[in-house]
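Structure first, then comments.
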Amino acid sequence: MIDYRLPEAWPTDDETALAVQDELRPRVLLDGSGPPPGTGHVTGVDVAYDDERDVVAAAVVVLDAATLDVVEEATAVGAVAFPYVPGLLAFREIPTVLAALSRLTADPGVVVCDGYGVAHPRRFGLASHLGVLTGLPTMGVAKNPFTFTHEAPAAPRGSASPLLDGAEEVGRALRTREGVKPVFVSAGHRVTLDQACAHTLCLTPRYRLPESTRRADALCRSALRAAAGRSPSRPPGAAG
DNA sequence: GCGACAG
DNA sequence: ATCTTGTCGC
């Protein structure tokens with residue numbers, strides 16, 4: 001069990017956050033030293049919010065990469081540490097994610113984030129940031145193209161087209177289900193773009209989104225309800 | 001200056 | 001992300 005600790009000074013404003021990204025970006029490795037797709041463990045990470053009550057819940061779910069069976073789960077609840085700012089998502093999600101990861105006993109293997117890795121305005125998105133702080137191999141699978149451009153990939157599952165920032169390929173639009181909107185894959189840390197796409201296809205035998213993120217999404221939502229959301233439609237004055 | 005913008 | 005009814009389809 002590893003205690004993934006949050007850096008002492010976590011940014012509170014945009015300016016400092018940008019400086020932190022510039023400082024940590026050089027530590028990103030895209031050497032493919034992570035485990036081969038379909039082997040070992042794959043861990044899904046996701047976060048849910050109740051900004052109204054200033055509560056955030058993170059969930060991490062470790063899967064057997066070969067069978068996609070759940071090996072272990074963990075959650076953590078905390079206070080919202082940063083507002084949502086496009087390009088600074090990591091500062092909002094990472095504190096609680098690290099707390100949840102620290103509660104795991106199993107080796108996380110490759111960590112799959114809901115968002116981007118190096119496909120980022122400054123090449124340092126959530127997945128890359130999490131990878132640098134933990135040393136774990138990470139990658140990102142996002143549901144939207146963010147600010148990047150792409151051509152629609154061919155209809156068959158497995159088809160892909162480059163996700164571009166100008167002329168640079170920062171990620172890939174990958175079709176995980178025939179005829180269905182693609183997902184947007186990018187490398188995070190210690191994982192190549194090709195490996196990230198291969199991992200994604202291993203994780204999507206049935207649904208558009210990776211089994212890892214689907215599991216983590218369901219878990220962080222229930223954790224949030226347990227922590228902050230009493231019956232949402234309970235009339236004022238009722239017991240509870 | 002204005003709009004767009006991972007979750 | 002989150003707010004939300006019904007609806008089409010396997």
Side-chain angles (χ1 to χ4, degrees), chain A residues 11 14 17-18 21 25 28 44-60 75-98 100 111-131 138-150 157 163-166 168-174 176-189 193 196 200 205-210 212-225 227-234:
Chain A
D14 297 12
L18 291 172
Q21 292 185 328
R25 180 181 48 236
V28 173
V45 172
D46 197 17
V47 178
Y49 300 91
D50 183 336
D51 288 281
E52 196 74 359
R53 294 175 175 143
D54 193 53
V55 177
V56 51
V60 293
T75 62
V77 173
V80 177
F82 207 88
Y84 171 64
V85 180
L88 300 179
L89 178 64
F91 298 95
R92 180 169 168 79
E93 309 221 324
I94 284 184
T96 319
V97 168
L98 287 181
V111 177
V112 180
C113 296
D114 198 349
Y116 282 114
V118 297
H120 178 273
R122 291 167 296 283
R123 304 294 180 270
F124 198 67
L126 169 64
S128 297
H129 200 146
L130 184 62
T138 62
M139 53 175 271
V141 178
K143 298 181 285 295
N144 299 296
F146 199 8
T147 61
F148 308 110
T149 60
H150 68 94
R157 161 180 155 82
L163 185 63
L164 305 169
D165 184 350
E168 182 182 354
E169 179 182 42
V170 295
R172 212 163 277 163
L174 177 65
T176 56
R177 295 295 296 163
E178 177 155 359
V180 173
K181 176 180 178 175
V183 294
F184 304 88
V185 181
S186 60
H189 183 58
L193 180 54
T200 301
R206 182 161 166 67
Y207 300 102
R208 176 171 87 110
L209 298 180
S212 43
T213 64
R214 297 184 74 253
R215 287 293 210 335
D217 179 73
L219 184 56
C220 70
R221 291 195 194 207
S222 64
L224 181 65
R225 285 189 308 241
R230 306 285 167 253
S231 341
S233 58
R234 167 173 43 81

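Here is how names work: the chains are called A, B, and so on, in the same order as the sequence lines, proteins then strands, and each is numbered from 1.
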Exercise for the section: Go through B/dC5, B/dA6, C/dA1 for me and flag the one nearest to the A/R221 side chain. Expected result: C/dA1

Exercise for the section: Give the intermediate values and the outcome of side chain to side chain contact (heavy atoms under 4.5 Å, CB included) for residues A/R214 and A/Y207. Expected result: CA-CA 9 Å; A/R214 297 184 74 253; A/Y207 300 102; 3.4 Å; yes

Practice task
Spell out, as yes or no, whether a donor-acceptor pair under 3.5 Å connects the side chain of A/H120 to the backbone of A/G87.
Solution key: yes

Exercise for the section: Tell me what A/I94 touches on the nucleic acid: a base, only sugar-phosphate, or nothing, going by heavy atoms under 4.0 Å. Expected result: nothing

Problem - Check: A/R208 side chain, A/P182 main-chain N or O, donor-acceptor pair, under 3.5 Å - result: yes

Problem - Whole-Å distance separating the CD atom of A/E52 from the P atom of C/dT2 - result: 13 Å

Problem - Euclidean distance, A/H189 NE2 relative to A/L130 CG, rounded to 0.5 Å - result: 10.0 Å

Exercise for the section: Give a yes or no on whether the backbone of A/G188 and the side-chain of A/S128 come within a donor-acceptor separation of less than 3.5 Å. Expected result: yes

Practice task
Check the distance between C/dC10's P and A/R208's CZ and give it to me in whole angstrom.
Solution key: 19 Å

Practice task
Please determine, for the side chain of A/A48, which listed nucleotide (B/dA6, C/dT2, B/dG7) has the closest atom?
Solution key: C/dT2

Practice task
Can you tell me the distance, in whole Å, between the CG atom of A/L209 and the P atom of B/dA6?
Solution key: 15 Å

Problem - Qualifying residue, where the test is side-chain contact (heavy atoms from CB on, under 4.5 Å) with A/K143 and the options are A/V183, A/T213, A/L209 - result: A/L209

Exercise for the section: Round to the nearest Å and state the distance from A/Y84 atom OH to C/dA1 atom C1'. Expected result: 9 Å

Problem - Ring centroids of A/Y49 and B/dG7 base under 5.5 Å with planes under 30° - result: no

Practice task
Under 4.0 Å between any heavy atoms, over every strand shown, what does A/G87 touch: base, sugar-phosphate, or nothing? Just pick one.
Solution key: base

Exercise for the section: Measure the distance from CD on A/E93 to P on B/dA6 and round it to the nearest whole Å. Expected result: 12 Å

Fill in the blank from the handout: Separation of C/dT2 atom C1' from A/D50 atom CG, nearest Å, is 9 Å

Exercise for the section: Please report, rounded to the nearest Å, how far the P atom of B/dG7 is from the CG atom of A/D217. Expected result: 11 Å

Exercise for the section: Using only side-chain N and O atoms of A/N144, determine if any of them is under 4.0 Å from OP1 or OP2 of B/dG7. Expected result: yes

Exercise for the section: Determine: side-chain N/O of A/K143 to OP1/OP2 of B/dG7, distance under 4.0 Å, yes or no. Expected result: yes

Practice task
Identify whether NZ of Lys or CZ of Arg in A/R92 sits under 6.0 Å from the centre of the six-membered ring of A/Y49 and within 45° of that ring's axis.
Solution key: yes

Exercise for the section: May I have the distance from A/F148 (atom CZ) to B/dG7 (atom P), rounded to whole angstrom? Expected result: 12 Å

Practice task
Could you check which of B/dG7, B/dA6, C/dT2 has an atom nearest any side-chain atom of A/F146?
Solution key: B/dA6

Problem - Runs of at least three Watson-Crick or G-U pairs with DNA chain B, cut-off 3.5 Å - result: none

